[in-house]
Amino acid sequence: MNLSLPSLGPDEELPPNYQAEVDRPETVFKTASVYLAEIDAEAVGVAIASKARGANEIKRLWADPQVRGRGIGSALLDAVLRESTGVVRLSVWDWRTQAARLYESRGFVTVPSWDARPGLVCMERRPEALTPVPLQ
């Protein structure tokens, strides 16, 4: 199965800090937990979580645009949360309002940024906000 990145537009360029993820994912995510969502044996989504700055950090959470709205992102997020203890962190672009609503529905709140990129919202889910995530 091949889960490829979406194509960039003619004026877009992959930021250099992400290039290693494309070139050497087996190295960059060597110690991470990787969650893969499939429909009919085809990869349609992925979540990658690892320990960072004393917390569990969701580094990537992505669902194929062709299957968005079918609960893929929710299922991936819930899988990560079921296996995480303590604080869980993630960041989301401010224009991704649907993703932010999903995170808020799981107890994430906006916190002071650990990333200086404009438009990036940092969020956390603390243990005291934890409620059991049901198995689906």
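Remember, it's a predicted structure, so these values are computed and weren't measured experimentally.
- Within a 6.0 Å radius of CZ in Arg70, no more than 12 heavy atoms belonging to other residues, nucleotides or ligands are found.
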- Task: Verify side chain to side chain contact (heavy atoms under 4.5 Å, CB included) between Ile48 and Ile58, making sure each step is shown before the conclusion.
- Result: CA-CA 6 Å; Ile48 300 173; Ile58 299 174; over 6 Å; no
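- Interatomic distance, NZ of Lys30 versus OG1 of Thr27, reported as 7.5 Å (0.5 Å rounding).
- Considering every non-hydrogen atom in both Leu36 and Gly45, the closest pair reads CD1-O, 3.3 Å.
- In this structure, OG in Ser84 is found 11.5 Å from CD in Glu57, a value given to the nearest 0.5 Å.
- Residues that satisfy the salt bridge (charged side-chain N to carboxylate O under 4.0 Å, His left out) test with Asp23, not counting sequence neighbours, are absent from this structure.
- Atom CG of Leu90 sits about 4.5 Å away from atom CZ of Phe108, to the nearest 0.5 Å.
- Taking OG from Ser50 and NZ from Lys59, the interatomic distance works out to 6.0 Å, rounded to the nearest 0.5 Å.
- When every heavy atom of Ser113 is checked against every heavy atom of Cys122, the shortest pair comes out as OG-SG, 3.5 Å.
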- What's the verdict on side chain to side chain contact (heavy atoms under 4.5 Å, CB included) for Arg68 and Trp62, showing C-alpha distance, side-chain angles and the deciding distance? CA-CA 9 Å; Arg68 287 189 185 151; Trp62 179 85; 3.5 Å; yes
- Item | side chain to side chain contact (heavy atoms under 4.5 Å, CB included) evaluation trace for Val111 with Met123 | CA-CA 5 Å; Val111 296; Met123 302 180 83; 5.7 Å; no
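- Cluster membership for Val87 and Tyr103, using ILVMFWY side-chain heavy atoms within less than 4.5 angstrom, is not shared.
- Residue pairs that meet the salt bridge (Lys or Arg N to Asp or Glu O under 4.0 Å) test with at least one member in residues 89-100, sequence neighbours left out, are Arg89-Glu124.
- Taken from CG in Leu120 to CH2 in Trp114, the straight-line distance is 8.0 Å, to the nearest 0.5 Å.
- A donor-acceptor pair under 3.5 Å links the side-chain atoms of Asn56 to the main chain of Thr85, judged by distance alone.
- Val67 and Tyr35 fall within the same hydrophobic cluster, where Ile, Leu, Val, Met, Phe, Trp and Tyr residues are linked whenever their side-chain heavy atoms come under 4.5 Å apart, directly or through other members.
- With hydrogens and angles disregarded, no donor-acceptor distance shorter than 3.5 Å links the side chain of Arg106 to the backbone of Asp78.
- Follow the hydrophobic side-chain contacts under 4.5 Å out from Ile39 and you reach Leu77 in the same cluster.
- No side-chain donor-acceptor contact under 3.5 Å links Asp40 to the backbone of Glu42.
- The distance from atom OG of Ser74 to atom CG of Leu102, rounded to the nearest 0.5 Å, is 4.5 Å.
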